[in-house]
Number of protein chains: 2
Amino acid sequence: MTTIDGPVSIGELAKAASTQVVTIRYYERIGLLPSPRRTPGNYRTYDREQVFRLRFIRRCRDLGFTLDQIRDLLRLSARKEQDCTDVDRLAAAHLEEVEKKIADLKRLAAELHRLNNCCEGGGRIADCRIIDALSH
Amino acid sequence: MTTIDGPVSIGELAKAASTQVVTIRYYERIGLLPSPRRTPGNYRTYDREQVFRLRFIRRCRDLGFTLDQIRDLLRLSARKEQDCTDVDRLAAAHLEEVEKKIADLKRLAAELHRLNNCCEGGGRIADCRIIDALSH
DNA sequence: GCTTGACCCTATAGCGGCTATAGGGTGCAG
DNA sequence: CTGCACCCTATAGCCGCTATAGGGTCAAGC
């Protein structure tokens, strides 16, 4: 995690937030990042605040939040004087979703396990239990 | 699971394989299902074999195989005299992927759990530990 | 015969979250 | 002044559908 001091180019921002340049432009287009100032040569320049904002976004993405949820979190995080019930709720709801997904995948893995165990290998396709099982 | 005897319409096929009509047309467009015969009124008509094929596809989808993997499985399942090593390999690789995804999500859930536990709720956004943690 | 309604047809655009490609311009070093 | 790394815009593509617009077909009931 490098420290940022002055205004930086989009490439430097990308590096500082472990993002790709195209992704930053994409976030700008969909309104997740504000349009930054431009140099006389029409290059984007970012200040410290945008670096923090992008890092926040990436951290949330890493945790599996959708861009819409992140939009909410950003909006909420700006209202410093309001209480944080909504933030708590959002995070809890997301955790619940993730745990549901894990449960789904576990059931799936169990079924795939059964599938894989039913074929000893080396036989003909015509006798393959996997194909058979997939056909019901 | 209903039995199918004669040629059926796309709607009946959809019902018989728990699919949506649009999805069937989509599968046809991408070459996963063959173009069926048409009635004089230009309606698609399917026979038993296509019902089995579509059920096979849906079953694979339920197990999380991609359409490309299913294309392979269909191709393999047609070569009845060849040995089924490739089928075994495909299924095993898929299981491995699913298990990796489960592991990833578990790590994620653990982190979200820590996140949720660090905020007692009721405070101001300015003091919210979740927002804080998301900001690094 | 005429209407109603369920079903079918094609073509096209949209979802999320990027990624890739084409076809250029900028800025700095040698 | 040339080469190169970087930047710009606009557009299309990825997966696996889903939705929408604008029609045609077919059987039943009047």
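Each chain gets a letter, A, B and so on, in the order the sequences are listed, and its residues count up from 1.
Counting any heavy atom pair closer than 4.0 Å across all strands shown, B:Arg44 reaches sugar-phosphate atoms only and no base atom. At a threshold of 4.0 angstrom between heavy atoms, the contacts of B:Arg71 with the nucleic acid are absent. Among the heavy atoms of the strands lying under 4.0 Å from A:Ile10 are primed sugar atoms or P, OP1, OP2 only; no base atom is included. Counting any heavy atom pair closer than 4.0 Å across all strands shown, B:Phe65 reaches no nucleic acid atom.
Note on B:Thr23: every side-chain N or O is 4.0 Å or more away from OP1 and OP2 of D:dG16. Applying the 4.0 Å criterion to OP1 and OP2 of C:dT26, one finds that A:Thr39 has every side-chain N and O outside that range. For D:dG16, the OP1/OP2 oxygens have no side-chain nitrogen or oxygen of B:Arg58 closer than 4.0 Å. Look at B:Gln20 and you'll find a side-chain N or O under 4.0 angstrom from OP1 or OP2 of D:dT18.
You'll find that the side chain of B:Arg61 is closest to D:dG16, out of D:dG16, D:dT9, C:dC18. You'll find that the side chain of B:Tyr26 is closest to D:dG16, out of D:dC7, D:dT9, D:dG16. Among the nucleotides D:dC15, C:dG17, D:dC17, the one closest to the side chain of A:Leu67 is C:dG17. Distance from the side chain of A:Tyr43 is smallest for D:dC7 among the nucleotides C:dC8, C:dC18, D:dC7.
Among all heavy-atom pairs drawn from B:Val51 and B:Ala16, the shortest one is CG1-CB, 4.2 Å. The heavy-atom pair separating A:Pro36 from A:Thr45 by the smallest distance is CB-O, 3.3 Å. Considering all non-hydrogen atoms of both residues, B:Leu112 and A:Leu63 come closest at CD1-O, 4.1 Å.
When the P atom of D:dC7 is taken as reference, atom CD of A:Glu28 falls 14 Å away, rounded to whole Å. For A:Arg25 and C:dT19, the CZ to P distance is 13 Å, given to the nearest whole Å. Distance CG (B:Asn42) to P (C:dC7): 19 Å, rounded to an integer number of Å. Between the C1' atom of D:dG16 and the CD atom of B:Gln69 lies a distance of 14 Å, rounded to the nearest Å. Counting to the nearest Å, the P atom of C:dG25 and the CZ atom of A:Arg38 are 16 Å from each other. Regarding B:Arg29, its CZ atom lies at a distance of 12 Å from the P atom of C:dA13, rounded to whole Å. When the P atom of D:dC8 is taken as reference, atom CG of A:Leu13 falls 11 Å away, rounded to whole Å. The separation between B:Tyr46 atom OH and C:dC7 atom C1' is 14 Å, rounded to whole Å.
The side-chain heavy atoms of B:Val8 and B:Asp47, taken from C-beta on, include no pair separated by under 4.5 Å.
With hydrogens and angles disregarded, no donor-acceptor distance shorter than 3.5 Å links the side chain of B:Gln82 to the backbone of B:Arg79. Remark: side-chain polar atoms of A:Glu12 are paired, donor with acceptor, to backbone N or O of A:Ser9 under 3.5 angstrom.
Across its full length, the helix from C:dG1-D:dC30 to C:dG30-D:dC1 shows an angle of 30° between the axes of its 5 terminal pairs at either end, rounded to 10 degrees.
For the pair B:Asp62 and B:Arg58, the salt-bridge criterion is not met [side-chain N within less than 4.0 Å of a carboxylate O].
Between A:Val22 and A:Gly41, the residue whose closest nucleotide on DNA chain C is further toward the 5' end is A:Val22.
By the rule that hydrophobic residues join a cluster once side-chain heavy atoms approach within less than 4.5 Å of another member, A:Ile24 and A:Phe52 end up as members of separate clusters.
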